[in-house]
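Here's the structure we're looking at; comments come further down.
Lettering follows sequence order; numbering is per chain, from 1.
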There are 2 protein chains.
Amino acid sequence: MLTVNGLSKGARITPDAVRHYARIGLLVPSRDPNNGYRLFDDEALKRARFIRRAKGLGFTLQDIRTLFSYADNGRSPCPEVRAIIQQRIAENRASVTELGELLERMEDALERWKSMPDGEPDGDEICHLIESVA
Amino acid sequence: MLTVNGLSKGARITPDAVRHYARIGLLVPSRDPNNGYRLFDDEALKRARFIRRAKGLGFTLQDIRTLFSYADNGRSPCPEVRAIIQQRIAENRASVTELGELLERMEDALERWKSMPDGEPDGDEICHLIESVA
DNA sequence: TCCTTGCCTGTGTGCGGCACCCAGGTTCTA
DNA sequence: TAGAACCTGGGTGCCGCACACAGGCAAGGA
């Protein structure tokens, strides 16, 4: 049986994350009757590693909770895994596009500003650099 | 003088955003003594538009707060604007890279999984698709 | 024996930027 | 005169932790 620190090392996540997962019910420890410490079994270790891997693939903790509930009810989570990752891929592509556009706007602005002087406060504009942008 | 809704239309932001900015002190309304409604002057309208533009360039509300404090003290925020955007550009590039890598991992996984069957619960693995990933 | 060190506990807060909800008061319009 | 559309403050929720606080317990060394 592993304590918080032991599990965190075995699963390569931080102790805070272990406690967090336990708090939200993704990991369910038993307790050491002597001191109240959380005790995790091998099943919990597997789950913790699963969480790390799934998160590394873009699954949210909510997603992972769903997957666990499949597994706990004796159903294979695999079809759900395929469905979720397609969803997350689509969202991620949208984010990349959006972030890329923002980045472009930022770089364009910085470039344009190179030929513009700093303004002095005139009670009319706050910062003409920013105000020069659509 | 403009109410919340009036300002939101004039600055093209949502009424909730207006209230939010007022709550955190980025916009400071006066009050209608008759009914307690927030009243915004032209200065607030300029600020609200400035916020929308600056946010569109990736400035955070904290950044904007800093810029306002420069302007309020009679100093030009322009040098700070240039410094902040360079910082944000760097962060944004890092995010894009990171997200891109995640996306690649996700797409790779989905592709590899195409040739793998769904697993059935065996008490050993939770989902072999995810567990097949480093 | 005492002291330090390093675990552990629960609880609460903070991060960013709003969006939404509640319950109630006010103002405009038909 | 009724209903729609506005306004108020205050609270919660999102996401995934990270960090802080105050205290308890265990093992080691001087």
Original post:
Salt bridge between B/D32 and B/R38, side-chain N to carboxylate O under 4.0 Å?
Top reply: no

- Query: Does B/R31 CZ have over 12 foreign heavy atoms under 6.0 Å away?
  - Reply: yes

Rounded to whole Å, CZ of B/R52 lies from C1' of C/dG17 at a distance of 17 Å

**Prompt:** Are any of the side-chain nitrogens in A/D72 or A/R47 under 4.0 Å away from the carboxylate oxygens of its partner?
**Reply:** yes

Apart from B/M1 itself, members of its ILVMFWY cluster (side-chain separation under 4.5 Å) are B/L39

Closest non-hydrogen contact found for A/C78 with B/C127 is SG-SG, 3.4 Å

Residues in residues 17-45 of chain A with a heavy atom under 4.0 Å of DNA chain C, by number, are A/R19, A/R23, A/R31, A/G36, A/Y37, A/R38

The correct set of residues in residues 84-93 of chain B placing a heavy atom under 4.0 Å from DNA chain C is none

Quiz item: More than 12 non-hydrogen atoms from neighbouring residues, nucleotides or ligands closer than 6.0 Å to CG on A/D122, yes or no?
Solution: yes

- Query: Taking the side chain as C-beta and beyond, is there a heavy-atom pair between B/H20 and B/L61 under 4.5 Å?
  - Reply: yes

The first and last nucleotides of DNA chain D lying within contact of chain B, meaning any atom under 4.0 Å from one of its heavy atoms, run from D/dC6 to D/dG11

Taken in chain and number order and not counting sequence neighbours, the residues that satisfy side-chain hydrogen bond (donor to acceptor under 3.5 Å, both in side chains) with A/R88 are A/D63, A/E91

Check every strand shown and say whether A/N5 touches a base, only sugar-phosphate, or nothing at a heavy-atom separation below 4.0 Å. sugar-phosphate

On the nucleotide C/dC18, are OP1 or OP2 found under 4.0 Å from the side-chain N or O atoms that B/K55 carries? yes

Any side-chain heavy atom of A/L110 within less than 4.5 Å of one from B/Q86?
-> yes

Sorted by chain and number, sequence neighbours left out, ring-ring contact (aromatic ring centres under 6.0 Å, His included) with A/F50 holds for A/F68

